[in-house]
Amino acid sequence: MSRRAVMASALGGLGIAAAAGLPAAPAIARGVAGIAPSVRDNAASATVDAVRSLFTPAVGRTFRATESGGGASDRTIDLVLSAVEDIADSAPGDENRFLLLFTTSGFTASDGIYTLRRSGAPQVTLFLSAIGPRGLTRAMQAVVSRTA
């Protein structure tokens, strides 16, 4: 899958979940724990659109992020979700327009497309940008801004 295709999926609302006939992303985000195990297991391995309700309860939790270069040298890092924030000029709490802030340590983070995974939740592919001073501890951010 090309970077352009991933960006269209993550930012344009054209998720793989819709193509695969999975329930809408907010439904997955709200109810992964309360659905049948076979559906929950499939949802955890499927890539869905990023929605606020998927991330808000995970503030302070660790995500495993794999850089999507497609090769054997793909980098995997652990990110801690530190905040979910509103984007200026968007409705407070908007499911489709928000900012994610992560912290990471152990290497100099680089901008790129990452697939984020967390136990019991569906995986999400986002473009993450490194922010702040270079060093062994650095913040990363993802901006989700699309129309529903």
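In this text the structure is predicted, and so the values were computed from the model without any measurement. These numbers come from the heavy atoms of this one structure, side chains and all, not from hydrogens, waters or symmetry mates.
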Do N96 and V51 have side-chain heavy atoms sitting under 4.5 Å apart?
yes
Distance (rounded to the nearest 0.5 Å) between Q123 CD and R117 CZ
4.5 Å
Any chain of hydrophobic side-chain contacts (each under 4.5 Å) joining I131 to L99?
yes
Output the distance between atom CG (L79) and atom OH (Y114), rounded to the nearest 0.5 Å.
8.0 Å
Give me the atom names and distance for the closest heavy-atom approach of L81 to L101.
CD1-O, 3.4 Å
What's the spacing between F98 CZ and I87 CD1 if we round to 0.5 Å?
8.0 Å
Examine the side chains of S129 and Q141 and answer whether a donor and an acceptor come within less than 3.5 Å of each other.
no
Could you tell me whether the side chain of R52 and the main chain of D94 form a donor-acceptor pair under 3.5 Å?
yes
When rounded to the nearest 0.5 angstrom, what distance separates CG in D49 from OG1 in T125?
10.0 Å
If you take all heavy atoms of D89 and R97, which pair is closest and at what distance?
O-NH1, 3.4 Å
State, to 0.1 Å, how close A50 and R146 come at their nearest heavy-atom pair, and which atoms those are.
O-NH2, 2.6 Å
Qualifying residue, where the test is side-chain contact (heavy atoms from CB on, under 4.5 Å) with L128 and the options are T104, L100, I113, L116
L116
Residues L126 and A142: closest non-hydrogen pair is CD1-CB, 3.9 Å
Can you classify the ring geometry of F55 versus F102 as parallel (below 30°), tilted (30 to 60°) or perpendicular (above 60°)?
perpendicular
Can you name the one residue among D111, T103, I77 that meets side-chain contact (heavy atoms from CB on, under 4.5 Å) with M140?
I77
Please name the pair of heavy atoms, one in L54 and one in A121, separated by the smallest distance, quoted to 0.1 Å.
CD1-CB, 4.5 Å
Nearest 0.5 Å please: distance from the OG1 atom of T56 over to the CD atom of E95.
7.0 Å
Over all heavy atoms of both residues, which pair between S110 and E67 is shortest? Give the atoms and the distance, please.
OG-OE2, 3.7 Å
